[in-house]
J.: 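I am attaching a structure below and will ask some questions about it afterwards.
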Number of protein chains: 2
Amino acid sequence: MTPPIERSAVLDDVSKAIVEQLQEDGRRSYAEIGKAVGLSETATRQRVQKLQEAGVLQIVAVTDPLQLGFARQAMIGVRVSGDTRVVAGAMSEIPGVTYVVSTAGSFDLLVEIVCESDDDLIDVLNDRIRSLPDVVSTETFVYLKLHRQLYNWGTR
Amino acid sequence: MTPPIERSAVLDDVSKAIVEQLQEDGRRSYAEIGKAVGLSETATRQRVQKLQEAGVLQIVAVTDPLQLGFARQAMIGVRVSGDTRVVAGAMSEIPGVTYVVSTAGSFDLLVEIVCESDDDLIDVLNDRIRSLPDVVSTETFVYLKLHRQLYNWGTR
DNA sequence: AGTGAAACGACCGTAGA
DNA sequence: TCTACGGTCGTTTCACT
């Protein structure tokens, strides 16, 4: 007898509803959220706290780079010789690097960069990324328009 | 005479400090933030409100896909014939698509997907992405490990 | 755009089912 | 793990600089 397939039991329906509320407004009061999901203020607060401690949920301020004067964004595909983890660690330390992920495919790493101008982008690419020992080659994809950016998936 | 170069005057130093506080904890009280940046609670709240209305700042819950049972993530490089904007719009509607950006380079679009399994990934890729009229070809980069993810850049 | 004060509401610990 | 409750603190409005 095989056990029934268990679907991500991390969040029950009530917690999902709570998270949805917080995705709309991260500062919504626990009392209001509780009213919406049918729970007391205390219980709501306890659930949110547990989710945060478990690292499932975090409530943070998110800013728009364009509005802060960072007009240039790009994704860099990187091919690496040797340990990708070491290179990934080095990449993560570079100012303006907002995203580093190891991948399977024709790139070993994908690295997202945010900067003020084309000149900054060239500087970072040459001085900080391509100059790293194990970086074999890179390919740059300059952002033209961000169409969609979701910080969450899986709650609705 | 040329005017002096103006550096993103959207945020003065005080507002930057406020945003930094909220990046650490999106629910930190305005009173506490005000104390840290040397402003009254009211003034602090007014500044945050203005930033939110201007779309510079938003305070939201961010969840970890892995902990919610979405074990498979991938970036898809897409080559498109015709209007990339139309294709980008169609991509944005696909469930599990968390990121869509138009790029200059050997891909026209970069699309990030979050799903539960390899089977789901194959389904989305074939049934939803590669089946779109103007999609010429795709290249998939399956995520092995997310090293760094910043939701902000430019405040510190 | 900022402060300060007063009324209100949210937050947070504790107690108990 | 939930509800109930009271003390404390944060939020909100308003009058004013």
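Values below: every heavy atom of this structure, side chains too, minus hydrogens, waters and symmetry copies.
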J.: Expressed in angstrom and rounded to an integer, what is the separation of A/Asp12 atom CG from D/dC2 atom C1'?
T.: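 Those two atoms, CG and C1', are 13 Å apart.
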
J.: Step by step, work out the side chain to side chain contact (heavy atoms under 4.5 Å, CB included) result for B/Glu139 and A/Phe107.
T.: CA-CA 10 Å; B/Glu139 206 170 326; A/Phe107 297 125; 5.7 Å; no

J.: Can you figure out which of C/dA1, D/dC2, D/dT13 approaches the side chain of A/Gln46 most closely?
T.: D/dC2

J.: Over how many whole Å does the gap from B/Gln49 atom CD to D/dT11 atom C1' extend?
T.: 12 Å

J.: Check every strand shown and say whether B/Arg47 touches a base, only sugar-phosphate, or nothing at a heavy-atom separation below 4.0 Å.
T.: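 Here B/Arg47 touches the backbone only, sparing every base.
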
J.: Nearest whole angstrom, please: distance from the C1' of D/dT1 to the NZ of A/Lys50.
T.: 8 Å

J.: Taking the side chain of A/Thr42 as its heavy atoms from C-beta onward, which of D/dC2, D/dC5, D/dT11 lies nearest to it?
T.: D/dC5

J.: Over its full length, what angle do the end axes of the helix from C/dT3-D/dA15 to C/dA17-D/dT1 make, each axis taken from five pairs and the result rounded to 10 degrees?
T.: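 Taking the rotation axis at each end, their angle is 30°.
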
J.: Can you list the other members of the hydrophobic cluster that holds A/Leu125, where links are side-chain heavy atoms under 4.5 angstrom apart?
T.: A/Ile76, A/Val78, A/Val80, A/Val87, A/Met91, A/Ile94, A/Val97, A/Val100, A/Leu109, A/Val111, A/Ile113, A/Leu121, A/Val124, A/Ile129, A/Leu132, A/Val135, A/Val142

J.: Answer yes or no for B/Arg27 and A/Tyr30: cation-pi contact, defined as NZ/CZ to six-membered ring centre under 6.0 Å and angle to ring axis within 45°.
T.: yes

J.: May I ask you to verify if any side-chain N or O of B/Arg45 is less than 4.0 angstrom from the OP1 or OP2 atom of D/dG10?
T.: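 Negative; the distance criterion is not met.
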
J.: Test of understanding: with side chain to side chain donor-acceptor pair (under 3.5 Å), list the residues that count as partners of A/Ser40, not counting sequence neighbours.
T.: none

J.: Output a table of nitrogen or oxygen pairs between the protein and nucleotides 15-17 of chain D separated by less than 3.5 Å.
T.:
none

J.: Is the closest basic N to carboxylate O distance between A/Glu20 and A/Lys16 below 4.0 Å?
T.: no

J.: Between B/Asp118 and B/Arg72, is the closest basic N to carboxylate O distance under 4.0 Å?
T.: yes

J.: Measuring from B/Asn152:CG to B/Leu57:CG, what's the distance to the nearest 0.5 Å?
T.: 8.5 Å

J.: Of all of residues 28-40 of chain B, which get a heavy atom below 4.0 angstrom from DNA chain D, listed by number?
T.: B/Ser29, B/Tyr30, B/Ala31

J.: My understanding is that only residues two or more places apart in sequence, or in another chain, count here; which of them pass side chain to side chain donor-acceptor pair (under 3.5 Å) with A/Gln73?
T.: none

